[in-house]
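Remarks on the structure that follows.
Throughout, residue positions are numbered sequentially from 1 according to the sequence presented. Remember, it's 1-based here, ligands and their atoms both numbered in the order they're listed.
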Amino acid sequence: MERTMRSKLYIDGKWMAAANGRTFDVVNPATEEVIHKVAAATAKDVDVAVKAARRAFDKDGWPKLSGAQRAKYLRAIADGIRARQAEIARLEVIDNGKPFAEADWDIADAAGCFDFYAGLADELDNNPEEPITLPDARFTSKAVKEPIGVAGAIIPWNYPLLMAAWKVAPALAAGCTVVLKPAEVTSLTALELAAIADEAGLPPGVLNVVTGAGSVAGQAIIDHRQVDKLAFTGSGAVGSKIMAAAARDIKRVSLELGGKSPFVVFDDADIDEAVEWIMFGIFWNQGQVCSATSRVLVHEGIYDRLLARLVEETKKIRIGNGLEEGVLLGPLVSGRHYEQVLAAIEAAKAAGATVACGGNRPEGFDKGYYLEPTILTDVALDSDAWREEIFGPVVCIRPFSTEEEAIALANDSRFGLAAAVMSKDDVRAERIAAGFRAGIVWINCSQPTFTEAPWGGYKESGIGRELGRWGLENYLETKQITRFATGEKWRWYIK
Ligand code: NAD
């Protein structure tokens, strides 16, 4: 067993077993071995966690601290993550399957996210209020920002610690307290985050981590009357449930959901550069990326050459256990997800798609949820392979002839998370960027993500924005304070 693998819930500053003593298995996707067991929180445990977060918010004074005081805790958490970066990255690999170099990058980004929101917490002190000019000189007014309250944060398995950081860091910076539920297939690093926060001296109840099933622990968070805000990243189906649950008592809600993002490549693009970014756009993290550019549209003038080059390079990707040096594609996260991705490839074939490469378990891998990187052509525009998220290393590619056709195909989706364009013509690239109906647009690249820039989707890809100052706004309410600032009498009823 790994030295640092924790198994208990972190509630009110204490480690505790689930109320009914139940646990669930942690499986290493590279070996299919059960490597650990983690507490499966019940609704009762969630209730204890929410009440602790409530007390930390209402009575113990977390929101009353200055931004600078909260920033100190956030920086201590960032330092704590960095001090154990390689060890935590290793945990992420054995839990999620991703190559170590990617995990290492994620963990560094997670630390950076805490530092970034520490900076914004400091700024809250500098701009405590915004004066408002009123047309009636008898009144003065100002707007102030206040934390929303208790936030329930529910996250997916594709970037376990990073997704936790994207929610916990801005929530704590804003002055909210948090109940965090990681995805059941990747609980380990969220528990380490709790341990690091504990070592940083974060007051009890400010951050609580409850591991467990979405249908039990997750459902208990979204149903809890004392949770003020739900912050969710995951599938559209669960996102809808969360919005419905939030509707009952008007909880604040932000949703980061799925996508089927397009990548439009024009004929003036350098073929090797395009191939590199197409690969980064779909094979990074085994394609288990909400913003993955899984629909590639290539100008017919370079389509054949580009496809041949893409297939050639894709076949060279080194597949293996993420802990091995030089591996660029690890296993998918779980047996269940693996079966779903294989089924999506079979359905694509049945609907007439051609497999240009990949599509199978790679040779020499008897164990582990390994899949060859897969390129599909001749994908029907009305098929699921073109329209629905596969969330694996599977890309659909097709030619286009005109700019109008490319933008129409790109936007013909119920999703609108991300989109990318590649062209040497900057004016054209800007025109296409303006035409995409998506919250995140990349020009001449795909996927680089910065904590400073807003992240979120149009259409069914979500509501609200994470990261940057937008991410902090997710956890703040706006209050107006208006003063009758004159000695005059109002004289409406009492003349
Ligand atoms: P999921 O929706 O199945 O699970 C996400 C989280 O919700 C997990 O913690 C799960 O336990 C919890 N959950 C499940 N049922 C619940 C319920 N009834 N009540 C409360 N919580 C519940 O998604 P997943 O399989 O973990 O992740 C894959 C999906 O996430 C993909 O669709 C992907 O596009 C999306 N995603 C989006 C982003 C983004 O930033 N937009 C980032 C990563 C992943």
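Ring pair F365/Y370 is tilted by interplanar angle, where 30° to 60° counts as tilted. Classification of the W105-W284 ring pair by plane angle, with boundaries at 30° and 60°, yields perpendicular.
With respect to K260 and D384, no salt bridge is recorded, no charged nitrogen being found less than 4.0 Å from a carboxylate O.
With contacts defined as side-chain heavy-atom distances shorter than 4.5 Å, the pair K229/V253 does not qualify. For the pair I221 and L230, the minimum side-chain heavy-atom distance is below 4.5 Å.
Taking the ring centre of W386 as origin, the terminal cationic atom of R398 falls inside the region bounded by 6.0 Å and 45° from the ring axis.
Listed as neighbours of ligand 1 are I154, I155, P156, W157, N158, K181, P182, A183, E184, G214, G218, Q219, I222, F232, T233, G234, S235, V238, K241, E256, L257, G258, C290, E389, F391, L417, W455, each bearing a heavy atom under 4.0 Å from the ligand.
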